[in-house]
Amino acid sequence: MMARLDADKVRPMDDSSPIRDFPKYGRPLVCVNGIYGKAVAWSHSYGLIEWLDVSGKYHLGWAQSASIKRVSAEKWKGSSGL
């Protein structure tokens, strides 16, 4: 919960469109510049992505929609801990 509040504080200011959340158990698998994670929410120009780094630390951050690519479960290389 705190990670989401922190991420929302640094949301890019050039996008004032509404934020919509993906359902908790229906989050798309994505890859953003080599980082594999899950899409948590989206706006018109950005997506909120969650991922675990190699040490297992949780991250949540905004990425431009053009850099977010959906991947199939077979090609996804993220952590099952999400």
Side-chain angles (χ1 to χ4, degrees):
M1 179 69 146
M2 291 303 294
R4 175 66 186 261
L5 293 173
D6 291 341
D8 285 343
K9 287 179 190 174
V10 295
R11 178 181 176 207
M13 299 308 280
D14 64 338
D15 182 14
S16 60
S17 62
I19 299 171
R20 300 195 171 147
D21 291 343
F22 286 104
K24 172 116 175 110
Y25 297 104
R27 294 179 175 165
L29 304 176
V30 297
C31 181
V32 181
N33 300 325
I35 297 172
Y36 289 86
K38 292 183 180 179
V40 175
W42 79 96
S43 68
H44 178 71
S45 302
Y46 294 91
L48 184 61
I49 310 301
E50 66 178 355
W51 73 95
L52 296 176
D53 64 20
V54 294
S55 69
K57 183 177 178 188
Y58 181 79
H59 297 273
L60 192 62
W62 291 97
Q64 289 186 336
S65 58
S67 66
I68 302 170
K69 306 296 180 211
R70 284 192 185 213
V71 294
S72 66
E74 296 79 33
K75 294 187 179 185
W76 193 67
K77 298 176 185 174
S79 171
S80 61
L82 288 176

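These numbers come from a predicted model, not from an experiment.
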J.: Given a cutoff of under 4.5 Å between side-chain heavy atoms of I, L, V, M, F, W and Y, with clusters grown through shared members, what are the other residues clustered with I68?
T.: V30, V32, I35, I49, W51
J.: Distance-only, no hydrogens or angles: does the S79 side chain make a donor-acceptor pair with backbone N or O of L52 under 3.5 Å?
T.: no
J.: Each residue besides W42 in its hydrophobic cluster should be listed here, by chain and number; the cluster joins Ile, Leu, Val, Met, Phe, Trp and Tyr at side-chain heavy-atom distances under 4.5 Å.
T.: F22
J.: Any pair with a residue in residues 26-38 that passes salt bridge (Lys or Arg N to Asp or Glu O under 4.0 Å), sequence neighbours left out, goes on the list, sorted by first then second residue, please.
T.: R27-E50
J.: To the nearest 0.5 Å, tell me how far S17 OG sits from Y46 OH.
T.: 10.0 Å
J.: Taking the side chain as every heavy atom from C-beta outward, state whether L48 and I19 have any atom pair closer than 4.5 Å.
T.: no
J.: Test of understanding: with side-chain contact (heavy atoms from CB on, under 4.5 Å), list the residues that count as partners of N33, not counting sequence neighbours.
T.: S67
J.: Just jot down the side chain to side chain donor-acceptor pair (under 3.5 Å) partners of H59, sequence neighbours excluded, or say none.
T.: D53
J.: Which residue pairs pass the salt bridge (Lys or Arg N to Asp or Glu O under 4.0 Å) test with at least one member in residues 58-82, sequence neighbours excluded?
T.: none
J.: Tell me the closest heavy-atom pair linking L29 and A73, and the distance in Å.
T.: CD1-CA, 3.7 Å
